[in-house]
Amino acid sequence: MYITVKHTRIRFGVAHDFCSNSRQNSIDLAQYSPERIRNFSIIAHVDHGKSTLADRLLELTGTIKRGHGQPQYLDKLQVERERGITVKAQTATMFHKCNHNGSNTNDVDKAPTFLLNLIDTPGHVDFSYEVSRSLAACQGALLVVDAVQGVQAQTVANFYLAFESNLAIIPVINKIDQPTADPDRVKAQLKSMFDLEPSECLLTSAKTGLGLEQVLPSVIDRIPHPPGNTSSPLRMLLLDSYYDEYKGVICHVAIVDGMLCKGDKISSAATGYTYEVADVGIMHPELTPTGVLLTGQVGYIVSGMRSTKEARVGDTLHHNRFSVEPLPGFKPARHMVFSGLYPADGSDFEALNHAIERLTCNDASVSVTKESSSALGLGFRCGFLGLLHMDVFHQRLEQEHGAHVISTVPTVPYIFEYSDGSKVQVQNPAIWEPTVLATIIFPSEYVGPVITLCSERRGQQLEYSFMDSQRAFMKYRLPLREIVVDFYNELKSITSGYASFDYEDSDYQESDLVKLDILLNGQAVDAMSTIVHKLKAQRVGRELVDKLKKFIDRQMFEITIQAAIGTKVIARETISAMRKNVLAKCYGGDVTRKKKLLEKQKEGKKRMKRIGSVDIPQEAFHELLKVS
Ligand SMILES: Nc1nc2c(ncn2[C@@H]2O[C@H](COP(=O)(O)OP(=O)(O)OP(=O)(O)O)[C@@H](O)[C@H]2O)c(=O)[nH]1
């Protein structure tokens, strides 16, 4: 059947009658056939200006008002605003008038309007899973590179993610307003590293607006339209999901084939469950109901899903009347770091369970299993994509869900191998530990310190070259255990902040590792034990004991803190006895003041964990995470 909407004839498939909803809403998506749609991502190394560029494009297209007073508009989470980083990919739909050859037209009335879906992605390595999912909904990417810093480690990683997804890549050299900007050097780097032609590079300043007028015409001209089939039965890819207090689970979807209308009955290819679509629309960037989504469009649906277990990222959703070939989906996320999460107040287990369930609905890359610890009670073992990811997850649990948690020392997934296969008699146990392939790019004068750091962290150099006269490029195989704790901070500090770092997971290697236990008054605290390399055990044991001594308050009895390997104690400290009396300075009989102080102390105690008879503050657990 054919429909004529504003001079555009679009054929909609036999699989579905055109639904009247699209006309009921102010945005009429029916006029955007796949040829008039571009789906693109902005990818870059951290801080090269993705979110600022996204802001400018939203302003340029009138999607948000100029000077809306909130920079990095698409970074909505509190944790993103506080840390100045993007954690979640965000989508915004823009409408832009442009001629077919990609040039902005002077004759505004005659030029066709394009629907552009922009996906702002995180830059940090820990969130590259988020990037690869976003790229699945795109046909092209703007690769933003800072004109001063040039190509950095995540530029390399993100380029290859986009390249392997067969996306059209438009290099954008940003921050050209900076006095030390050197776009020619960056062009040469892009040519030598990725074979991107210097003539294809756009030069912009997202800050001053310089060169921005070329960006959208290039997107329209150089990025292909989505390939889907409008007349095939509906197939849509579930890209992401999150939980909304009022609407329930909201899913972000990309329509690969066919069309979807409000009220449709859809099924999940993964679970077989059927749902009715209660609401459908686009992220504009706020949720904007449209009643319909057509082939090639990216938007959201609300369909009565109740939990993350139902909203599986990478799932194919289709009309329940038709069976379809499921889409390839995504590689499952590989968890690099594991940590136990326990309620700071043991009785809050159910509340923490609820908070984790809600948050994993918004961050499906976290794995969660229940566990119990003799020291901390009932809790969860969670797998994260990296240390920053773990940190951000904790922060979001506290900020968005009011949960107070204690997290245990992060571990990496070791494999224990027994020499004769028997579980009873172990003669020569070997531990296999995971390794990563790390890419490090930094100014050449820091070669010495970087090599020293990598060898201290048991790294094996695989590649060493110079990108140009100023920047060195190194590839190392490093044990994952060595990089999860503070490696990046140290790398930054020895290179005056100029090094960039990225890693991908690699094989397991056999290593000489030992289990280091922490004992409080002779009792081992399972939540504090860690696995370390034999040669480092002495130093790590000493540091852990010293840190604990600093953080545990004196109590009414003496406390001994020991680090031990098996039965051998390698470090020991003692905290002498004292009673901390908060009322000590409170002379006289002001009862309300005394009550207040006691209340405050009680509140403080909530954030302590009683292990045996020793109270340990939450900060002590956090500090232990930083010892490598
Ligand atoms: N001088 C100058 N500064 C810029 C320009 N574009 C962005 N910035 C600044 O660079 C910093 C980082 O910008 P963001 O847009 O947050 O960078 P990002 O790539 O989105 O960072 P992540 O979300 O953490 O990956 C901010 O302080 C911006 O104001 C530019 O063209 N010129």
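This chain uses plain numbering: 1 for the first residue, then up along the sequence. Just the heavy atoms: all of them, side chains too, but no hydrogens, waters or symmetry mates, feed the values below. Order of appearance sets the numbers: ligands from 1, and atoms from 1 within every ligand.
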I need the atoms of ligand 1 closer than 4.0 Å to a non-hydrogen atom of [X], numbered in the order shown.
| X | result |
| --- | --- |
| Ser51 | 15 (O), 18 (P), 20 (O), 23 (O) |
| Gly49 | 7 (C), 13 (O), 14 (P), 15 (O), 17 (O), 18 (P), 19 (O) |
| Val46 | 24 (O), 25 (O) |
| Gln178 | 1 (N) |
| Asp177 | 1 (N), 2 (C), 30 (C), 31 (O), 32 (N) |

Next item on the list: Look only at interatomic distance and state if Asn174 has a nitrogen or oxygen under 3.5 Å from any nitrogen or oxygen of ligand 1.
Entry: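 It does: an N or O of Asn174 is found under 3.5 Å from an N or O of ligand 1.
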Notebook entry, point to check: ligand 1 and Ala206, any nitrogen or oxygen pair closer than 3.5 angstrom?
Noted result: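 So ligand 1 has an N or O lying under 3.5 Å from an N or O of Ala206.
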Note to self: Looking at Tyr498, I'd like to know if its OH atom is crowded, meaning that more than 12 non-hydrogen atoms belonging to other residues, nucleotides or ligands lie closer than 6.0 Å.
What the structure shows: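 Open: at most 12 neighbouring heavy atoms sit under 6.0 Å from OH of Tyr498.
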Next item on the list: Tell me, please, which residues at least two apart from Arg477 pass salt bridge (Lys or Arg N to Asp or Glu O under 4.0 Å).
Entry: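 With neighbours one apart ignored, the set is empty.
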Next item on the list: For the residue pair Tyr160 and Phe163, categorise the inter-ring angle as parallel (less than 30°), tilted (30 to 60°) or perpendicular (more than 60°).
Entry: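 Answer is perpendicular, since the angle exceeds 60°.
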Margin query: Does the plane of the ring in Phe384 sit parallel, tilted or perpendicular to the ring in His389? Use 30° and 60° as the thresholds.
Written below: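 Phe384 and His389: perpendicular rings.
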Notebook entry, point to check: What part of Lys50, side chain, backbone, both or neither, has a heavy atom within less than 4.0 angstrom of ligand 1?
Noted result: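 Within the 4.0 Å criterion, Lys50 contacts ligand 1 through backbone and side-chain atoms alike.
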Notebook entry, point to check: Mind checking whether Phe487 and Phe501 have ring centres under 6.0 Å apart?
Noted result: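 They qualify: ring centres under 6.0 Å apart.
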Checklist line | Sub-6.0 Å ring centroid separation between His284 and Tyr300 | finding: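 Distance test on ring centres: not under 6.0 Å, no.
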Margin query: I want to confirm something. Looking only at heavy atoms, which of Arg56, Lys207, Gln154 is nearest to atom 3 (N) of ligand 1?
Written below: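 Closest candidate by heavy-atom distance is Lys207.
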Next item on the list: Check whether any side-chain heavy atom of Tyr32 lies under 4.5 Å from a side-chain heavy atom of Pro112, and answer yes or no.
Entry: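 In short, these two side chains do not touch, never coming nearer than 4.5 Å.
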